[in-house]
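Position 1 is the first residue of the sequence; numbering continues from there.
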Amino acid sequence: MSESVLLPPGPFTRIQAETVTVAYSNITIEDDQGSHFRLVVRDPEGLMVWRAWSFEPDGGAGLNRYIRQYGIIKEPSAL
C-alpha cells in the first residue's frame with residue numbers, strides 16, 4: 001500500500017489539495033469559489049464524512065483525521 005498523502009494542519013493551498021485529490025479516489029474539491037474552496041472526504045458508499053474550507057485555521061488537521069480513516073488510495077496505475 002502507498003504512503004498516505006496529508007495536508008498541513010492549518011489552512012491549505014490549492015496545490016496541496018490537488019495533491020491529495022490525485023492520491024485518493026474519494027476526496028474532491030467542491031464549492032470552488034476561485035480564491036477558496038472546500039475539500040470533501042467521502043466514505044466508500046459516497047456519503048460525505050467531513051469537509052473543510054481551504055482557509056479554515058485548523059482545516060487540514062480535521063481533514064487529515066478523516067483522510068487517515070476513510071481515504072481510499074488510488075492504485076499506482078491510476079495516478
With P9, which residues qualify under side chain to side chain contact (heavy atoms under 4.5 Å, CB included), at least two apart?
-> A61
With the side chain counted from C-beta on, respond yes when I67 and S4 share a heavy-atom pair under 4.5 Å apart, and no when they do not.
-> no
Could you list the residues that satisfy ring pair (Phe, Tyr, Trp, His ring centres under 6.0 Å) with Y66, not counting sequence neighbours?
-> W50
Heavy-atom pair of closest approach, residues P8 and N64 | O-ND2, 4.3 Å
Members sharing F55's hydrophobic cluster, built from side-chain contacts under 4.5 Å between Ile, Leu, Val, Met, Phe, Trp and Tyr, are W53
Backbone N or O of Y70 within a donor-acceptor pair of the N26 side chain at under 3.5 Å?
-> yes
Which heavy atom in V5 sits nearest to a heavy atom in A23, and how many Å separate them?
-> CG2-CB, 3.6 Å
Hits for side chain to side chain donor-acceptor pair (under 3.5 Å) against Q16, two or more places apart or cross-chain, chain-then-number order -> T13
For T19, enumerate each residue passing the side chain to side chain donor-acceptor pair (under 3.5 Å) test, keeping only those at least two apart in sequence or located in another chain.
-> none
State whether the number of non-hydrogen atoms from other residues, nucleotides or ligands found under 6.0 Å of L47 atom CG is greater than 12.
-> yes
Given F12 and L63, is the side-chain contact (heavy atoms from CB on, under 4.5 Å) satisfied, shown in steps?
-> CA-CA 11 Å; F12 47 90; L63 281 164; 3.7 Å; yes
Can I get a per-line list of side-chain donor-acceptor pairs under 3.5 Å for residues 29-39, giving both atom names and the distance, sequence neighbours left out?
unit_1: E30; atom_1: OE1; unit_2: R42; atom_2: NH2; d: 3.3
unit_1: E30; atom_1: OE2; unit_2: T28; atom_2: OG1; d: 2.9
unit_1: E30; atom_1: OE2; unit_2: R42; atom_2: NH2; d: 3.0
unit_1: D31; atom_1: OD2; unit_2: R38; atom_2: NE; d: 2.6
unit_1: D31; atom_1: OD2; unit_2: R38; atom_2: NH2; d: 2.2
unit_1: D32; atom_1: OD1; unit_2: R14; atom_2: NH2; d: 3.0
unit_1: D32; atom_1: OD1; unit_2: G34; atom_2: N; d: 2.9
unit_1: D32; atom_1: OD2; unit_2: R14; atom_2: NH1; d: 3.0
unit_1: Q33; atom_1: NE2; unit_2: D31; atom_2: O; d: 3.4

Considering only Ile, Leu, Val, Met, Phe, Trp and Tyr, and joining two whenever side-chain heavy atoms are under 4.5 Å apart, list the other residues clustered with V40.
-> M48
Pairs flagged by salt bridge (charged side-chain N to carboxylate O under 4.0 Å, His left out) wherever residues 61-71 is involved - sequence neighbours left out = none
Note: P57 and P11 closest approach over all heavy atoms is O-CD, 3.7 Å
